[in-house]
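In this text the structure is predicted, and so the values were computed from the model without any measurement.
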Amino acid sequence: MTEVVAEKEINSVSAAEFFRQDAEFQELMLNLINIHVVSELYGADCFEHSILRAPTPEMKQRMARTVMEEYGHHLRFRKLMEELGLDWQEYARKKGHLTTFDTPIDNWADQVVFMALVDRAAAHQFRHFTRSPYEPFRRAAQETLKEEYGHVGFGMDGVKELLATGEGRAQVEAAVRKWVPVGLQSFGGDKSKRNDLYRRWGIKQDTNENMRAAYYEQIRGFITQDWGIDLPRDFREIYAPDGSDQERAY
């Protein structure tokens with residue numbers, strides 16, 4: 001059950017109105033915008049190496065398009081900083097990238113499973129951001145979500161190809177063991193104070209705990225049924241949230 005948090009009454013906010021809003025709202029929005037400025041650039045740099053890892057020209061082309069879109073996400077969210085008259089580089093120096101990129105992408109199986117699972121976790125978050133009261137961020141999230149769905153689909157296609165051989169299946173299973181905990185972690189801590197604030201201002205609509213549980217139920221379904229890889233019913237056997245807020249999570 002979702003914990004009830006008293007929501008603030010706030011209408012759609014334009015860039016021109018941003019600095020007239022409550023300081024708490026400003027801080028929360030700038031935190032989210034900035035983590036995307038930093039992480040989309042860092043992630044694109046990580047993904048770029050996988051263009052040459054892709055096994056066929058067709059997959060190389062799709063991977064190159066994905067990298068292009070990731071750099072586009074950086075530019076999209078960077079523009080939100082710039083239209084507020086803020087130096088994005090100064091803010092970026094104070095903010096680390098999302099912890100999802102602390103784990104290295106080592107091979108092609110890593111890359112496609114990352115897109116199928118970890119990009120899917122990002123999409124779960126972006127569905128909330130598309131209802132944000134800050135109009136420029138809401139519009140950027142809507143545009144980005146469409147592309148994230150494309151990246152998830154690309155990952156699923158890549159996994160399907162790998163599962164066709166015994167060697168590929170073994171690579172996928174190893175990548176699943178690696179990336180499922182990363183996807184679960186990306187939702188942040190349980191009973192998060194920051195999540196309470198996001199929900200208070202209508203930036204998110206659910207707790208980290210509920211989002212994580214819904215995500216795991218979804219991925220466990222297709223990993224066990226379609227990919228033929230066993231996962232426990234309870235995700236806590238794979239990843240146990242420690243209850244703390246995480247600065248480099250959504």
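In this structure the side chain of F222 reaches within 4.5 angstrom of the side chain of R120, judged on heavy atoms. Contact of the D196 side chain with the R200 side chain is not registered, since no non-hydrogen atoms from C-beta on lie closer than 4.5 Å. For the pair K204 and Q125, the minimum side-chain heavy-atom distance is below 4.5 Å. Contact of the H74 side chain with the V38 side chain is not registered, since no non-hydrogen atoms from C-beta on lie closer than 4.5 Å. Side chains of E48 and E70 form no contact here, defined as non-hydrogen atoms less than 4.5 Å apart.
Distance check: R220 CZ to Y215 OH gives 14.0 Å after rounding to the nearest 0.5 Å. Once rounded to the nearest 0.5 Å, the distance linking SG of C46 with NE2 of H97 reads 7.5 Å. For the atom pair CD of E83 and CZ of F18, the computed distance is 10.5 Å after rounding to the nearest 0.5 Å. Atoms CG and CG, on D190 and N210 in that order, are 9.5 Å from each other to the nearest 0.5 Å. Note that NZ of K191 and OG1 of T207 are 8.5 Å apart. Values are rounded to the nearest 0.5 Å.
A distance of 6.0 Å or more separates the ring centres of F126 and H73.
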Determine, stepwise, if the pair M59 / F154 fulfils side-chain contact (heavy atoms from CB on, under 4.5 Å). CA-CA 9 Å; M59 284 295 191; F154 178 25; 3.2 Å; yes
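Comment: E173 engages R177 in a salt bridge, judged by a side-chain N to carboxylate O separation of less than 4.0 angstrom.
Ring geometry for H36 against F77 counts as parallel: the plane angle stays under 30°, on a 0 to 90° scale with 60° as the upper cut.
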Counting only pairs under 3.5 Å, give me each side-chain donor-acceptor contact of residues 104-114, with atom names and distances, residues two or more places apart or in other chains.
residue: D106; atom: OD2; partner: K178; partner atom: NZ; Å: 3.1
residue: N107; atom: OD1; partner: A109; partner atom: N; Å: 3.2
residue: N107; atom: OD1; partner: D110; partner atom: N; Å: 2.8
residue: D110; atom: OD1; partner: W179; partner atom: NE1; Å: 3.1
residue: D110; atom: OD2; partner: D106; partner atom: N; Å: 2.9
residue: D110; atom: OD2; partner: K178; partner atom: NZ; Å: 2.6
residue: Q111; atom: OE1; partner: S50; partner atom: OG; Å: 2.8

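Around atom CD of E167, no more than 12 heavy atoms belonging to other residues, nucleotides or ligands sit under 6.0 Å away. Atom CZ of R131 sits in a sparse spot, with 12 or fewer heavy atoms from other residues, nucleotides or ligands closer than 6.0 Å. In K60, the NZ atom is crowded: over 12 heavy atoms of neighbouring residues, nucleotides or ligands sit closer than 6.0 Å. Other residues, nucleotides and ligands place more than 12 heavy atoms under 6.0 Å from the CD atom of E82.
D119 places no side-chain N or O within 3.5 Å of a backbone atom of H151 that could act as its donor or acceptor partner.
Q218 and H124 share a side-chain donor-acceptor pair at under 3.5 Å. Donor-acceptor pairing under 3.5 Å is recorded for the side chains of S14 and E17. Side-chain atoms of Y198 and Q205 form no donor-acceptor pair, as typed in the model, at a separation below 3.5 Å. Between Y216 and D234, the side chains place no donor N or O within less than 3.5 Å of an acceptor N or O (distance only, hydrogens not considered). Neither side chain, R138 nor T130, offers a donor N or O lying under 3.5 Å from an acceptor on the other.
Remark: K146 fails to qualify as a cation-pi partner of Y149 under the 6.0 Å distance and 45° angle criteria applied to the six-membered ring.
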